[in-house]
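The block underneath contains the structure these notes are about, expressed in structure tokens.
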Amino acid sequence: MSPYAAGRRSVHRSVAAGVPLALVAALAVAGTAVGAPSKEARVTGSATLGDIPLGTFSNALLPGTVGDDRGVDLGGIGSDIYPAGRKGEFWTVTDRGPNGQIKVAGEKRRTFPVPGFDPAIVKIRVSGGTVKVLDAIPITTSSGKPVTGLSNQKGRDEAPYSYDAKTPLSYNPNGLDTEGIVRAEDGSFWLVDEYAPSLIHVSARGKILTRYVPKGLGLTGADYRVVEALPAVLLHRKINRGFEGLAQLPGGDLVMAVQSPLSLPDTDAGEASLTTRLLRFSTKKRAVTAEYAYRFDPVNVVDPSEDDTSELKISSVVAVGRDRLLVEERTDKAARLQVVKLTRGADILGDKWDDDTTSPSLEQLDDPAASGVPVLRKRLVVDLGAVKGVPGKIEGVARVDHDTLALINDNDFGMTDGPEAFDAQGRLVDSGIETTVTYVRLPRGI
């Protein structure tokens, strides 16, 4: 028996013991199927995840971790989606858990209403209009403790606060803001994280084997192996905008996408930039082997309702060939999928653009190609913002077959920003946004 199979059976038993059968067996109401044939991309079906109390879910995996879930249901599994082998089955991953922002004395504070929440890998099945949870694997430290989703380092990450932004919480060097997910042939998982940013290798049972971080990060106190193996220039990632997309190429190499342009040399430069970076990581060499410059389309092209360039993000990358990627450019309201080819000639790893003293920086260049930077060429596959029935904030994309994609949205655990997110009793005022898996058929394939 593989270690993955053993771990899966163990976790499944713990979920079944802690979650009422009715909740596990029927997590959602029927979704929407969309009909008539079309020469354009179209939604062919959708399914939703029903309500399951976050405390019930979390405590079934790691007993006693969540004392009060404040009325929050399981959500946030839309951080990414990866095919699990059987039709309609996918691996997904939560992010750091319920979190929001409240302004206090003119300063935005990051809130963690359920600080005991532990990020989890969640296996789902889409059946009709329902998303069902099949398995859940908590992400833990080397000694089996929850990593939590709390901020890592004072002065680098946002200070964590209670649900009402009044009480400071402790930083946790183990904490992860997990995003992308792929599964290796041996049953282990690779994840990416927005904090460091980092690449994390996780066993089939959910224990962190190694967390790869930028050189010079100086993360201490973690209860797992930390290796400084990523380019130091990544230390300039925008807060809460580290790695979000992760793809696994056919040969086993990984490609990580920096969600937004680096703040290089400063925040203003990053906010105005259209250039972000992709990195290729060899799982055999345990090292970054290539880096690529990726250029966003103007924000009003991606989302005609938006004029703020800083709203552009890459949330998903998907391998669609030996050296080809599907890249999602998005705002919270719209998204477009582009295909790029990774070529040797486009590799900028170790070039002057990795030196944070280079002026102007890569991010400051109005036209990188004119300055000799080999920007990845791209081709538009589909404008999801123009496809009726696709929800907002799509963060996960999976290729089902040549013509079909599965999309999943991040519902932010039903949370909104501001003090109105919770009522006078400290219970969530749910946004009503559901976690939804949406199938989109492309008339010309990829």
Side-chain angles (χ1 to χ4, degrees), residues 2-4 8 77-86 89-95 119 121-124 137 139 176 178-194 197-204 206 208-212 227 229-230 242-259 277-292 294 314-328 337-343 346-347 349 376 381 394-402 404-408 446:
S2 72
Y4 164 67
R8 175 182 169 183
I77 65 171
S79 289
D80 203 6
I81 187 169
Y82 189 78
R86 293 184 178 181
E89 295 187 3
F90 302 94
W91 293 106
T92 67
V93 64
T94 71
D95 56 20
I121 296 166
V122 183
K123 189 177 185 182
I124 61 172
I137 305 171
I139 301 171
L176 296 174
T178 43
E179 294 293 342
I181 181 172
V182 299
R183 184 168 178 258
E185 288 186 359
D186 63 2
S188 64
F189 297 92
W190 291 90
L191 310 170
V192 288
D193 151 79
E194 290 196 76
S198 56
L199 172 70
I200 309 118
H201 193 197
V202 177
S203 77
I208 294 178
L209 303 174
T210 308
R211 182 180 183 183
Y212 298 93
V227 176
L230 308 182
F243 291 144
E244 183 148 300
L246 177 66
Q248 183 171 233
L249 299 173
D253 279 6
L254 305 173
V255 180
M256 305 165 283
V258 182
Q259 185 180 10
R277 305 176 188 226
L278 307 180
L279 289 96
R280 185 168 183 155
F281 183 90
S282 169
T283 56
K284 296 177 181 178
K285 297 178 180 179
R286 296 295 199 264
V288 174
T289 56
E291 180 182 354
Y292 310 94
Y294 183 91
I314 292 179
S315 278
S316 184
V317 287
V318 181
V320 291
R322 185 174 62 86
D323 54 8
R324 292 197 310 152
L325 286 181
L326 191 64
V327 181
E328 182 203 12
L337 301 180
Q338 309 272 359
V339 164
V340 300
K341 184 175 182 179
L342 307 176
T343 63
D347 183 10
L349 183 66
L376 289 174
V381 173
I394 295 296
E395 290 200 3
V397 179
R399 191 183 191 189
V400 176
D401 56 40
H402 180 264
T404 308
L405 300 173
L407 315 175
I408 191 167
I446 301 174

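- Contact check for L246 versus V255: no side-chain heavy atoms found under the 4.5 Å cut-off.
- Separation of atoms CD (E291) and CZ (R277) is listed at 5.0 Å; rounding is to 0.5 Å.
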Verdict with supporting geometry, I446 and L405, side chain to side chain contact (heavy atoms under 4.5 Å, CB included):
CA-CA 10 Å; I446 301 174; L405 300 173; 3.7 Å; yes
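- Atoms CD and CG, on E244 and D193 in that order, are 11.0 Å from each other to the nearest 0.5 Å.
- Residues F243 and L279 form a side-chain contact, since some pair of their non-hydrogen atoms from C-beta on lies under 4.5 Å apart.
- Counting heavy atoms from C-beta outward, V288 and Y212 have side chains that stay 4.5 Å or more apart.
- Nearest heavy atoms, R399 versus D401: CG-O, 3.4 Å.
- Remark: the backbone N or O of G396 is not paired with any side-chain donor or acceptor of D80 at under 3.5 angstrom.
- Closest of all the heavy-atom pairs between V93 and S79 is O-CB, 3.2 Å.
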Could you walk me through whether L376 and L325 pass the side chain to side chain contact (heavy atoms under 4.5 Å, CB included) test, one step at a time?
CA-CA 11 Å; L376 289 174; L325 286 181; over 6 Å; no
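- Contact of the I139 side chain with the L176 side chain is registered, since non-hydrogen atoms from C-beta on lie closer than 4.5 Å.
- The minimum heavy-atom distance linking F90 with A406 is given by the pair CZ-CB, 3.8 Å.
- A distance of 4.0 Å separates OG1 of T92 from CD1 of I77, quoted to the nearest 0.5 Å.
- Taking 4.5 Å as the limit, some side-chain heavy atom of L199 sits within range of a side-chain heavy atom of W190.
- If you take CD1 on I81 and CD on E395, they are separated by 12.5 Å, rounding to the nearest 0.5 Å.
- For the pair I314/Q259, no side-chain contact is recorded, criterion being any heavy-atom separation below 4.5 Å from C-beta on.
- A salt bridge between R280 and D347 is absent, with no side-chain N of the basic residue lying under 4.0 Å from a carboxylate O of the acidic one.
- Of the inter-residue distances, the one linking I394 atom CD1 with E328 atom CD reads 7.0 Å to the nearest 0.5 angstrom.
- Contact check for L191 versus V202: side-chain heavy atoms found under the 4.5 Å cut-off.
- Minimum interatomic distance between A398 and P83 (heavy atoms only, all atoms of both residues): CB-CD, 4.0 Å.
- Side-chain N or O atoms of S282 include none that pairs as donor or acceptor with a backbone N or O of D253 at under 3.5 Å.
- Between the S316 side chain and the V397 main chain, a donor and an acceptor come within less than 3.5 Å of each other.
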Y294 and V327: side chain to side chain contact (heavy atoms under 4.5 Å, CB included), yes or no, with the steps?
CA-CA 10 Å; Y294 183 91; V327 181; 3.7 Å; yes
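- Here the straight-line distance linking atom NZ of K341 with atom CZ of R324 works out to 8.5 Å at 0.5 Å rounding.
- Looking at heavy atoms from C-beta onward, F189 lies out of side-chain contact with V182 at the 4.5 angstrom threshold.
- Side-chain contact annotation: Y82 with Q248, donor-acceptor N/O pair under 3.5 Å present.
- P197 approaches G242 most closely through the heavy-atom pair CB-CA, 3.7 Å.
- A pairwise comparison of heavy atoms in T94 and P119 identifies OG1-CA, 3.3 Å as the closest pair.
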Would you please test D95 and E179 for side chain to side chain contact (heavy atoms under 4.5 Å, CB included) and show each step?
CA-CA 6 Å; D95 56 20; E179 294 293 342; 3.7 Å; yes
